[in-house]
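Worksheet for the structure shown next.
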Amino acid sequence: ILVSASAGSGKTRVLVERVIDKIRHGTGVDRLLVLTFTEAAAREMKERIQKALRKACSEAESEEERGFLLNQLVRLNTAEISTIDAFCRKFVQNYYYKADLDPSFRLLTDETEIGMLREEVLGDLLEKMYGSQDDDFIELAVSFSSDRSDDGLTSLITRVFDFASVNPDPEKWIENLPERYRMDGGFSESSFYRDEYAPAVAERLRGFAFDMTRVRDMMIEQDEGLFSRNIVLYNTEISCYESYAQLIESGADYGMVRSALYGMEFGRNTFRKSDDPVSAAVRESAKAVRDRTRKNFREKFLPAYFGATSEDLEWSLAEAFRIVRKLSEVVSDFSSAYQAEKKRRRMLEFSDLEHYTLGILRENEDIRRDLEDRYEEIMVDEYQDTNHVQYEITNMLAAARRNLMVVGDDDQSIYSWRGADIQNILDFEKDYPDARTVRLEQNYRSTGHILNAANAVVAHNSRRKAKRLFTTSGDGE
């Protein structure tokens with residue numbers, strides 16, 4: 001089940017009601033796994049479930065039902081309603097021997113201590129690298145360091161390491177890092193062009209088309225006859241933006257797309273006069289949006305994405321491949337040294353707990369089956385903020401029984417900087433083709449004017465599930 005929950009739509013209440021409904025139908029609370037994003041959310045969830053259970057007890061129609069519900073109240077204290085990190089910590093504590101871990105490991109939670117340990121390990125590694133007289137490393141260091149320090153380089157290495165850590169196979173991710181810059185032919189044949197550059201360009205072009213579509217619809221709604229010439233012009237430019245987006249997505253040659261975009265012509269935008277003040281306001285808005293879009297296209301978009309020739313980009317990509325290949329080697333060496341030092345000191349980070357959990361589940365079918373039998377349903381809150389490792393863990397737990405319920409809002413994904421992948425929630429129906437999707441679109445917190453503004457903003461997001469916030473509370477002031 002996917003619950004696509006808009007802001008202020010009561011998703012916590014939905015999770016609580018789901019838990020209570022399962023309990024009312026005979027499922028023990030200890031047979032549910034509920035994973036939240038923060039400890040505060042887990043505490044709130046337990047408090048709400050406790051309150052709902054007490055109410056259910058008072059409304060029980062038989063002593064047998066009341067007894068069962070009271071038993072669930074007692075078990076609620078030890079129920080598995082926690083953060084994913086807390087679940088992984090408990091799991092590793094139970095099965096440490098399957099990963100050859102010291103059971104007395106200490107969890108690193110203090111960012112200062114983590115930073116000091118990383119600095120120590122990385123300092124030793126870089127000292128060796130500086131003494132190796134490796135030309136590619138020296139160029140890497142110069143590229144990301146200043147005259148005074150190499151803080152830029154150390155920051156880059158640790159950031160890349162952290163991004164690798166949210167992937168199911170960090171070593172492979174680090175090893176494959178340079179591949180996106182590899183060229184077996186020209187720039188247009190590179191994976192960077194196909195996987196990174198073309199999608200970014202297409203998204204920008206569709207952004208222009210969206211802005212133009214919005215004001216074109218305003219003109220149609222206000223007075224299609226009055227704005228007929230302008231509507232035709234706007235439709236032409238919208239089609240051009242969309243056509244070029246499709247062209248570059250199809251793998252068209254960079255040089256050909258560049259020439260076509262620089263040759264794009266804009267017709268004259270003349271408006272018929274009208275004494276109607278609303279029509280005049282629509283006219284000014286439509287004109288301003290088109291002028292701004294055209295200016296951004298010519299003065300910002302084209303120089304940023306198509307200012308260089310194919311030859312320039314091929315040279316830049318070849319240099320990037322060489323530097324990133326060296327970066328990949330350095331990050332790999334740091335990862336090995338850092339993990340070895342943590343093991344020597346019997347220390348683990350939260351990311352280690354997730355990786356050990358995933359590894360133990362993958363390599364031990366008996367443990368996996370035990371958990372599959374234990375959990376009648378697995379519920380995950382804030383699914384849009386899960387990373388790749390967490391995604392793999394929950395999918396593995398639910399693989400046999402397909403008993404996964406996730407709640408999230410793709411419009412509120414704000415943690416990509418630390419590895420959260422919005423694609424996890426966007427692909428849920430692809431991962432589970434038989435899944436049922438429930439959309440929560442009614443907002444209970446805000447007025448209509450605020451929600452209309454919010455809808456207008458999030459409509460610009462290209463990667464989102466279609467939904468529109470509404471309220472029955474009126475427009476407000």
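This is a predicted model, so every value here is computed, not measured.
For Pro170, the side-chain contact (heavy atoms from CB on, under 4.5 Å) partners two or more places apart in sequence, or in a different chain, are Ala164, His355. Looking at residues two or more places apart in sequence or on another chain, you find a ring-ring contact (aromatic ring centres under 6.0 Å, His included) between Phe161 and Phe334, Tyr338. Residues satisfying the ring-ring contact (aromatic ring centres under 6.0 Å, His included) test with Tyr432, not counting sequence neighbours, are Phe428. Shown here are the side chain to side chain donor-acceptor pair (under 3.5 Å) partners of Glu314, two or more places apart in sequence or in another chain: there are none. With sequence neighbours left out, Phe187 forms a ring-ring contact (aromatic ring centres under 6.0 Å, His included) with Tyr193, Tyr197, Tyr254. Not counting sequence neighbours, the partners of Tyr241 by the ring-ring contact (aromatic ring centres under 6.0 Å, His included) test are Phe208, Phe297. Scanning for side chain to side chain donor-acceptor pair (under 3.5 Å) contacts around Arg258 gives an empty result, with sequence neighbours left out. Under the side chain to side chain donor-acceptor pair (under 3.5 Å) criterion, Thr213 pairs with no residue, sequence neighbours left out.
The main-chain N or O of Thr386 is found under 3.5 Å from a side-chain atom of Asn424 such that the two form a donor-acceptor pair. A donor-acceptor contact shorter than 3.5 Å is absent between the side chain of Ser335 and the backbone of Val331. The backbone N or O of Met256 sits less than 3.5 Å from a side-chain atom of Asp253, completing a donor-acceptor pair. No donor-acceptor pair closer than 3.5 Å links the side chain of Glu17 to the backbone N or O of Val14. Of the possible donor and acceptor atoms, one in the side chain of Asn403 sits under 3.5 Å from a partner among the backbone N and O of Tyr375. A side-chain donor-acceptor contact under 3.5 Å links Gln72 to the backbone of Val29.
Applying the salt bridge (Lys or Arg N to Asp or Glu O under 4.0 Å) definition to pairs two or more places apart or across chains, those involving residues 177-192 are Glu179-Arg182, Arg180-Glu196. Pairs engaging residues 34-47 under the side-chain hydrogen bond (donor to acceptor under 3.5 Å, both in side chains) rule: Glu44-Arg48 [sequence neighbours left out]. A salt bridge (Lys or Arg N to Asp or Glu O under 4.0 Å) check over residues 159-172, counting only residues at least two apart or in different chains, returns the pairs Arg118-Asp162. Sorted by first and then second residue, the side-chain hydrogen bond (donor to acceptor under 3.5 Å, both in side chains) pairs involving residues 292-305 (not counting sequence neighbours) are Asp291-Arg294.
The pair Glu349-Lys342 meets the salt-bridge criterion, with a side-chain N (NZ, NE, NH1 or NH2) lying under 4.0 Å from an Asp/Glu carboxylate O. A salt bridge links Asp370 with Arg374: at least one charged nitrogen is closer than 4.0 Å to a carboxylate oxygen. Under 4.0 Å is where a charged nitrogen must lie from a carboxylate oxygen, and between Glu329 and Lys326 at least one such pair does.
Looking at Arg18, Arg31, Arg401 one by one, the single match for side-chain hydrogen bond (donor to acceptor under 3.5 Å, both in side chains) with Glu377 turns out to be Arg18.
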Could you please spell out the steps behind the side chain to side chain contact (heavy atoms under 4.5 Å, CB included) verdict for Leu73 and Leu69?
-> CA-CA 6 Å; Leu73 264 174; Leu69 293 173; over 6 Å; no

Would Val215 and Arg290 satisfy side chain to side chain contact (heavy atoms under 4.5 Å, CB included), going step by step from the backbone distance to the final call?
-> CA-CA 9 Å; Val215 289; Arg290 181 178 183 263; over 6 Å; no

Using the side-chain hydrogen bond (donor to acceptor under 3.5 Å, both in side chains) rule, take Asp427 and Tyr391 through it: C-alpha gap first, then chi angles, then the decisive distance, then the call.
-> CA-CA 11 Å; Asp427 286 345; Tyr391 167 85; over 6 Å; no

Could you walk me through whether Leu107 and Phe350 pass side chain to side chain contact (heavy atoms under 4.5 Å, CB included), step by step?
-> CA-CA 7 Å; Leu107 187 62; Phe350 283 117; 3.4 Å; yes

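In plain terms, the two heavy atoms of Glu372 and Leu397 that are nearest each other are CG-O, 3.8 Å. When every heavy atom of Leu361 is checked against every heavy atom of Arg368, the shortest pair comes out as O-NH1, 2.6 Å.
Using a 3.5 Å distance cut-off with no hydrogens or angles, the side chains of Glu382 and Gln384 do pair a donor with an acceptor.
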